[in-house]
> 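One structure is given below, represented as structure tokens, and several questions about it will come after.
Each ligand, and each atom within it, is numbered from 1 in the order the structure gives. No experiment lies behind these values; they were computed from the predicted model shown.
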Amino acid sequence: MKQPFSIKTVVRPHIWNLVPYSSARDEYTGKVGVFLDANENPYGSVLSADHNRYPDPHQVLIKQKLAPIKGVNPEQIFLGNGSDEPIDLLVRATCTPGQDSLLIMPPTYGMYEVSASINDISLIKVPLTSEYQIDVSAVLAAVLPTTKLIWVCSPNNPSGNLVQTDAIETLLNNFNGLVVVDEAYIDFTAVNSWNQRLEEFPNLVVLQTFSKAWGLASLRLGMCFASPEVIAILNKIKPPYNLSGITQQLLLEALDQEEKKNELVAHILLERSQLADELNQLGMVQKVYPSDANFLLVKFDDAASVMNFLLEEKIIVRDRSKVILCEACLRISVGTRPENEVLMNALKKFEQNSVIA
Ligand SMILES: *Cc1c(COP(=O)(O)O)cnc(C)c1O
């Protein structure tokens, strides 16, 4: 059994001791005053709307509004410039380049590996099982004393499935570093977020995003939920004004539209099941994997030719055929009804062409 978890043991010592940049607005939180502290333009901006003042570095209003929606406290929330930002900050906060390691379970989201490479962190890869579940004993056996992070993606990209709860629990209970559960696709499932169990597991970190279900990919908005201690470390090392004022303003408006998000999700889920049915009727489709997300992993007789044909038709899907456990697979995002029809017509045309040839 592992030692009681202490956040200090996973944070790089110089970051633990770091005194963060204190922004001009940190010393005075009032709204009214004569603000001559931040070298802003006092007249306004070149655009008609006013963008001349630095935004709230702590995103207080957003966190107040988001906390009850997510069932957490504001101190358990970090907001980033996409999920990319907390992914990178978690690596930089915990892993010393050339020394520490992190563990991923392919096939999974590519950014974990990219972030490890950028930061010169060695990567331990323990593939998922053929059912795309965690091989718990292999993971625990592969963990080194230098391993600071384990990345879990649930629902997993690109396989689309949820990862078993008890496997994640076992990692949380037996690993002395942080277990990060990336829930980018959680809104497409009926399960509870792991963010409801933060009190139980001090080494749990949960990632979510506004890029998928909420339809805000262009704004770049990622969420990270963890203990206040972990969140404080991320806040300490983030660029002070990491979310622009416009982004914060739009997000405040978006948070009033949770119903709309749920409607969009319901549409996508309907389309997902129809698209899966239609794909299953094609002879060249070997398998449509069950999906808890807004995409389908599809195994074809000849994925490369299908991919090329679709590109000629200006239909872009994601080629995962060279990825471990995804041989011959394409990952297809669920589109609108007309988009899915265009896709299906193209695939039928491809199938007819190959019969004739
Ligand atoms: C799409 C996706 C994200 C979202 O990334 P953003 O930077 O927030 O747009 C995160 N994790 C996974 C696994 C994804 O597929």
> With heavy atoms under 4.0 Å as the rule, classify the contact between N157 and ligand 1 as side chain, backbone, both or neither.
side chain
> Please list the nearest protein heavy atom to atom 7 (O) of ligand 1 with its residue and the distance rounded to 0.1 Å.
R220 NH2, 2.6 Å
> I'd like to check which ligand 1 atoms, numbered from 1 as shown, lie under 4.0 Å from a non-hydrogen atom of G82.
7 (O), 8 (O)
> If you draw a 6.0 Å radius around OH in Y54, do more than 12 non-hydrogen atoms from other residues or ligands fall strictly inside?
no
> If you take the centroid of each ring, where Trp contributes its six-membered ring, are F78 and F225 closer together than 6.0 Å?
no
> Quick one: look up the protein heavy atom nearest atom 15 (O) of ligand 1 and list residue, atom name and how far away it is.
Y185 OH, 2.6 Å
> How about Y289 and Y132: are their ring centres within less than 6.0 Å of each other?
yes
> How far is atom 5 (O) of ligand 1 from its nearest protein heavy atom, and which residue and atom name does that atom have?
S83 OG, 3.5 Å
> Which atoms of ligand 1 have any heavy atom of A184 under 4.0 Å away?
2 (C), 3 (C), 10 (C), 11 (N), 12 (C), 14 (C)
> Would you please determine whether C153 falls within less than 4.0 Å of ligand 1 on a heavy-atom basis?
yes
> What is the nearest protein non-hydrogen atom to atom 11 (N) of ligand 1, stated with its residue, atom name and distance?
D182 OD2, 2.7 Å
> What protein heavy atom sits nearest atom 9 (O) of ligand 1, and how far away is it?
S211 OG, 2.7 Å
> So among L140, V136, V139, which one has a side chain to side chain contact (heavy atoms under 4.5 Å, CB included) with N174?
L140
> Verify the cluster assignment for M111 and L149: are they in a single hydrophobic cluster under the rule of side-chain heavy atoms below 4.5 Å apart?
yes
> Tell me which protein heavy atom sits closest to atom 14 (C) of ligand 1, plus the residue, atom name and distance to 0.1 Å.
K212 NZ, 3.2 Å
> Do W151 and T108 have side-chain heavy atoms sitting under 4.5 Å apart?
no
